[in-house]
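What follows is one structure encoded as structure tokens, with my remarks underneath.
Atom set for the values below is all heavy atoms of this structure, side chains included, hydrogens, waters and symmetry mates excluded. In this text, all values refer to a predicted model and were calculated from it rather than measured experimentally.
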Protein chains: 2
Amino acid sequence: MRIGELSERTGTPRRLLRYYEEQELIVANRCANGYRDYDERFVDRVMQIRGLLDAGLPTRIIKQILPCLDKPRVIYFPDATPEMIATLEHQRDRMTARVECLIRNRDAIAEYLEVVRGTNA
Amino acid sequence: MRIGELSERTGTPRRLLRYYEEQELIVANRCANGYRDYDERFVDRVMQIRGLLDAGLPTRIIKQILPCLDKPRVIYFPDATPEMIATLEHQRDRMTARVECLIRNRDAIAEYLEVVRGTNA
DNA sequence: TCGAACCATCACATTGATGTGAGGGTCAAT
DNA sequence: ATTGACCCTCACATCAATGTGATGGTTCGA
């Protein structure tokens with residue numbers, strides 16, 4: 001598929017798909033005429049990127065963790081340098097902290113909503 | 001306490017404490033000489049702000065949800081307009097989505113790390 | 001062959017969260 | 001009274017993510 005379809009199917013502006021490519025989060029094939037050519041897997045991949053961006057991870061970090069998230073678990077051990085592992089562990093812990101913070105605050109919001117609803121009902 | 005102490009105790013640059021005030025996330029008292037004056041509660045409050053920012057929420061949204069997160073649950077119903085409630089519900093759902101995305105990806109990272117560790121052990 | 005609807009690159013603008021520094025008060029200790 | 005360590009405001013700079021538009025090539029159907 002071309003960039004327009006991927007854009008529609010992921011709800012992502014073309015501009016951003018090109019930007020993600022520039023940041024090396026995705027690598028598109030090119031047709032003979034220079035058009036980008038994506039296969040189905042890019043839909044999930046792009047949604048994953050958007051979710052992570054939305055959750056506060058910068059592209060630089062996403063680029064580092066994406067390669068180890070591929071579905072058919074293919075691990076290229078050459079990539080698994082000690083530094084890489086340390087980075088991943090660090091990011092894993094940061095994500096856990098984020099999750100806790102989000103849950104804590106979301107629950108507080110939910111509780112507030114319930115009190116308000118209960119009072120107004 | 002003054003801004004320097006709050007900065008140290010929260011690990012937040014003074015610049016940012018002033019920025020949060022400018023964005024109306026916090027409102028500092030002023031001493032006679034114009035210095036900002038914070039009490040203990042600002043420590044938690046600032047950490048909460050930082051956590052939410054780190055989790056990808058913009059100050060504009062944080063400003064909206066903060067008032068309903070105060071510990072001694074004090075609900076000012078004048079604030080609880082239908083729009084406000086709708087906003088809160090929307091943010092609550094977005095936060096849930098973020099949590100799910102983060103957990104999914106964090107677990108994938110953790111799994112990767114375990115496989116790598118297992119293989120190298 | 002012409003126009004619509006794609007695609008490309010390039011470049012400049014904006015927004016939000018920050019960094020940094022200038023220019024200048026306050027205050028406590030010397 | 002001076003110095004050092006605070007504080008103030010203001011303003012410009014930066015960075016990442018994103019918007020927007022200029023300029024031009026490709027494809028396809030009327």
Handout entry: Heavy atoms of other groups near B/Glu8 CD, more than 12 under 6.0 Å
Key = no
Completion exercise
Residue pair B/Arg60/B/Arg2 against DNA chain C: nearer the 5' end by closest nucleotide is B/Arg60
Practice task
Spell out, as yes or no, whether a donor-acceptor pair under 3.5 Å connects the side chain of A/Ser7 to the backbone of A/Thr12.
Solution key: yes
Practice task
For A/Gln23 and for A/Tyr35, find the nucleotide of DNA chain D with the closest heavy atom, then tell me which residue's nucleotide is more 5'.
Solution key: A/Gln23
Handout entry: N/O (side chain, A/Tyr19) to phosphate O (OP1/OP2, D/dG19) under 4.0 Å
Key = no
Exercise for the section: Would you indicate what B/Arg18 reaches in the nucleic acid, counting non-hydrogen atoms under 4.0 angstrom: base, sugar-phosphate, or nothing? Expected result: base
Exercise for the section: Working to the nearest 0.5 Å, report the span between OH of A/Tyr38 and CG of A/Leu17. Expected result: 5.5 Å
Practice task
For A/Leu25 and D/dA17, give me the distance from atom CG to atom P, rounded to whole Å.
Solution key: 8 Å
Exercise for the section: Please answer: with hydrophobic residues joined when any side-chain heavy atoms are less than 4.5 Å apart, are B/Tyr19 and B/Tyr35 in the same cluster? Expected result: no
Practice task
Round to the nearest Å and state the distance from A/Arg15 atom CZ to C/dT15 atom C1'.
Solution key: 14 Å
Fill in the blank from the handout: In whole angstroms, the gap separating C1' of D/dT20 from CG of A/Leu16 amounts to 12 Å
Exercise for the section: Round to the nearest Å and state the distance from B/Leu17 atom CG to C/dG19 atom C1'. Expected result: 14 Å
Problem - Interatomic distance where OH belongs to A/Tyr20 and P belongs to D/dA17 [whole Å] - result: 8 Å
Exercise for the section: Round to the nearest Å and state the distance from A/Arg14 atom CZ to D/dT20 atom P. Expected result: 14 Å
Handout entry: Test item: A/Asp54 side-chain N/O and A/Arg50 main-chain N/O as donor-acceptor pair under 3.5 Å
Key = no
Practice task
Could you tell me the separation between the CZ atom of B/Arg36 and the C1' atom of D/dC8, rounded to a whole number of Å?
Solution key: 7 Å
Practice task
Take atom CG of A/Leu57 and atom C1' of D/dC15, then tell me their distance rounded to the nearest Å.
Solution key: 17 Å
Handout entry: Side-chain N,O (A/Asn33) to OP1/OP2 (C/dA8) below 4.0 Å
Key = no
Practice task
Examine C/dT9: is either OP1 or OP2 under 4.0 Å from a nitrogen or oxygen in the side chain of A/Arg30? Give yes or no.
Solution key: yes
